[in-house]
Amino acid sequence: MTQRVEKARISDATEIHRLVNYFADKGEVLPRPLSEIYENIRDYFVVRQGGRVVACAALHVNWVDLAEVKSLAVVEEHQQQRLGDQLVSACLKEANELGITTVFCLTYRPEFFGKCGFTLVDKSELPHKVWGECYRCPKFPDCDESALIYHAERNA
Ligand SMILES: CC(C)(COP(=O)(O)OP(=O)(O)OC[C@H]1O[C@@H](n2cnc3c(N)ncnc32)[C@H](O)[C@@H]1OP(=O)(O)O)[C@@H](O)C(=O)NCCC(=O)NCCS
């Protein structure tokens with residue numbers, strides 16, 4: 001069956017919530033309340049199969065020329081099929097269309113993002129603006145995620 005990356009619709013929100021919080025329970029991504037997914041539904045990309053969302057990711061704009069890839073999740077049975085790579089590419093393409101050349105992520109999977117063209121940086125290099133939602137993180141202030149940045153002009 002063909003699997004395509006598409007922009008999320010509002011009807012995907014509960015499936016995105018289920019998928020993200022499944023991996024959040026395993027400590028692999030941060031949990032997201034359903035209300036936040038509804039409010040930010042335009043950020044999300046999904047891959048659907050048989051009425052289910054089997055993979056998702058979000059591009060969230062933080063500031064002038066800065067956006068974040070968030071909530072990347074691929075169900076186990078569809079991992080290693082390049083869905084993660086395609087979702088990150090969709091986020092980077094949208095950032096480019098918006099005129100944003102710098103995209104970052106905070107992740108427990110730095111090797112995966114490295115393969116997508118991101119470079120490991122010290123967290124202190126990220127602008128203060130990005131830490132706004134960290135106060136709501138259960139791990140704050142002991143963040144053990146890695147920070148990586150993608151610069152479009154360096155990857156052109
Ligand atoms: C991490 C995750 C998004 C990867 O998605 P995926 O669809 O399985 O990955 P892809 O098939 O697109 O892999 C692309 C490349 O990354 C590699 N890769 C995939 N998962 C990896 C991992 N955990 N560590 C290192 N490399 C990884 C693949 O081998 C492939 O390499 P190649 O280009 O040399 O062939 C997926 O495993 C996942 O959802 N995990 C649970 C949630 C999570 O950890 N999310 C990320 C936190 S922000």
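Only this structure's heavy atoms are used, side chains among them; waters, hydrogens and symmetry mates stay out. Numbering of ligands and ligand atoms starts at 1, following listing order. Numbers here are sequence positions counted from 1.
In summary, the side chains of Tyr22 and Glu28 do not present any donor paired with an acceptor at a separation below 3.5 Å, with no hydrogens or angles considered.
Annotation: ligand 1 has protein neighbours Phe23, Glu28, Val29, Leu72, Ala73, Val74, Gln79, Gln80, Gln81, Arg82, Leu83, Gly84, Asp85, Thr107, Arg109, Glu111, Phe112, Phe113, Lys115, each with a heavy atom less than 4.0 angstrom from the ligand.
Using a 4.5 Å cut-off between side-chain heavy atoms of Ile, Leu, Val, Met, Phe, Trp and Tyr, with links allowed through other members, Leu59 and Leu66 fall into different hydrophobic clusters. Tyr44 and Leu30 fall into different hydrophobic clusters, where Ile, Leu, Val, Met, Phe, Trp and Tyr side chains are chained together by heavy-atom contacts under 4.5 Å.
Here the side chain of Asn21 pairs a donor or acceptor atom with the backbone of Arg32 at under 3.5 angstrom.
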Would Asn62 and Phe104 count as a side-chain contact (heavy atoms from CB on, under 4.5 Å) here? Give the steps. CA-CA 10 Å; Asn62 292 89; Phe104 76 97; 3.5 Å; yes
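Of all non-hydrogen atoms in Val20 and Val29, the two that sit nearest each other are O-CG2, 3.3 Å.
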